[in-house]
Amino acid sequence: MKTAVCPGSFDPITTGHLDLVERAAAIFDEVVVCVMVNAEKRPMFSLEERLALVRAAAAHLPNVRAAACAGLLADFARENGAAALVKGVRGCVDFDMEYQMAQINRSLCPALDTVLLPARPEHAHISSTMVREMLRHRQSLEGRMPPAAVEALLRIREGKV
């Protein structure tokens, strides 16, 4: 069984993230969406909330699960038996950064490959940063966050998660 890890902060999950997870789920037997803890970032959502949003968005994918990681991604991948990391790239800047990260992860875990999937044009402009700004200014999230994640977000705001 081939397992892949899709890492990110998912603060919050976007339609672009979900598209990447769906594409990875079609390629690999199991996909672990790894919600990363980055001490240098100040997330809008708690780790538990981000996990809830990912789980809601990916609930329709039977071979996908969400888990948290506060350590090194290469260690998480090794502990979960992953053969690959799956990352999305929106352009040249993303590619350059992800290429460097792939080399670092490969040096830490020689059996770990990185698969870079280009963002679909309809998702290339969407980022979690943009979605957070839209949330702050009470703008519509339609087409920017998966509908199931928006429903979970409303439950989070009502204190029901």
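We number each residue from 1, following the sequence as shown.
Contact record, Gly81 with Thr3: O-CB, 3.8 Å, taken as the closest heavy-atom pair. Of all the heavy atoms in Ala56 and Ala148, the pair that sits closest is O-CB, 3.3 Å. Closest approach of Leu112 and Ala82 over heavy atoms only: CD1-O, 3.8 Å. The heavy-atom pair separating Pro12 from Leu53 by the smallest distance is CB-CD1, 3.8 Å. When all heavy atoms of Val64 and Ala25 are compared, the pair lying nearest together is CG2-CB, 3.8 Å.
Within the structure, side-chain hydrogen bond (donor to acceptor under 3.5 Å, both in side chains) contacts touching residues 32-45 (residues at least two apart or in different chains) do not occur. Within the structure, side-chain hydrogen bond (donor to acceptor under 3.5 Å, both in side chains) pairs that include any residue of residues 6-15 comprise Thr14-His17, Thr15-His123 (at least two apart or interchain).
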Exercise for review: Go through Phe45 and Leu135 one step at a time and tell me if the side chain to side chain contact (heavy atoms under 4.5 Å, CB included) criterion holds.
Suggested key: CA-CA 12 Å; Phe45 297 97; Leu135 278 165; 3.7 Å; yes
Check your understanding: Does the pair Thr114 and Lys87 meet the rule for a side chain to side chain contact (heavy atoms under 4.5 Å, CB included), with working shown?
Key -> CA-CA 7 Å; Thr114 298; Lys87 305 274 205 93; 4.1 Å; yes
Exercise for review: Kindly determine whether Leu61 and Val21 satisfy side chain to side chain contact (heavy atoms under 4.5 Å, CB included), including the steps that lead there.
Suggested key: CA-CA 9 Å; Leu61 301 167; Val21 171; 3.9 Å; yes
Practice item. Applying side chain to side chain contact (heavy atoms under 4.5 Å, CB included), run through Asn63 and Asp29 and close with a yes or a no. Key: CA-CA 7 Å; Asn63 62 332; Asp29 299 313; 5.9 Å; no
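How far CG of Leu117 is from SG of Cys6: 8.0 Å, rounded to the nearest 0.5 Å. Note that the CG atom of Leu51 and the CZ atom of Phe10 stand 10.0 Å from one another [nearest 0.5 Å]. Interatomic distance, CD of Glu30 versus NZ of Lys2, reported as 13.0 Å (0.5 Å rounding). Rounded to the nearest 0.5 angstrom, Glu48 CD and Ile156 CD1 are separated by 10.0 Å. Expressed to the nearest 0.5 Å, how far CG of Asn105 lies from CG of Asp75 amounts to 9.5 Å.
Tyr99 belongs to a hydrophobic cluster with Val89, Phe95, Leu116, counting contacts under 4.5 Å between side-chain heavy atoms of Ile, Leu, Val, Met, Phe, Trp and Tyr, direct or through other members. Cluster note: Met1 groups with no other residue, as no ILVMFWY side-chain heavy atom lies under 4.5 Å from it.
For the side chain to side chain contact (heavy atoms under 4.5 Å, CB included) test, residues two or more places apart in sequence or in another chain that qualify with Gln139 are Met134, His137. Ile104 is linked by a side chain to side chain contact (heavy atoms under 4.5 Å, CB included) to Met101, Leu108, counting only residues two or more places apart in sequence or in another chain. Residues passing the side-chain hydrogen bond (donor to acceptor under 3.5 Å, both in side chains) test with Ser127: none are found, sequence neighbours excluded. Applying the side-chain hydrogen bond (donor to acceptor under 3.5 Å, both in side chains) rule to Arg23 yields the partners Asp19; only residues at least two apart in sequence or on another chain are considered. Scanning for side chain to side chain contact (heavy atoms under 4.5 Å, CB included) contacts around Cys34 gives Val5, Pro7, Met36, Cys69, Leu73, Phe76, with sequence neighbours left out. With sequence neighbours left out, His60 forms a side chain to side chain contact (heavy atoms under 4.5 Å, CB included) with Leu18, Glu22. Judged as a side-chain hydrogen bond (donor to acceptor under 3.5 Å, both in side chains), and not counting sequence neighbours, the contacts of Asp94 are Arg90. With sequence neighbours left out, the side-chain hydrogen bond (donor to acceptor under 3.5 Å, both in side chains) criterion links Glu79 to no other residue.
Looking at Leu20, Asp113, Ile27 one by one, the single match for side chain to side chain contact (heavy atoms under 4.5 Å, CB included) with Val86 turns out to be Leu20.
More than 12 heavy atoms of other residues, nucleotides or ligands shown are found within 6.0 angstrom of CZ on Arg136.
The closest side-chain heavy-atom distance from Leu47 to Val35 is below 4.5 Å. Under the 4.5 Å side-chain criterion, counting only non-hydrogen atoms from C-beta, Val54 is not in contact with Arg50. With a 4.5 Å cut-off on side-chain heavy atoms, Arg132 and Ser128 count as touching.
Connection of Ile126 to Met97 is not established within any shared hydrophobic cluster, with ILVMFWY side chains joined at heavy-atom distances below 4.5 Å, either directly or through further cluster members.
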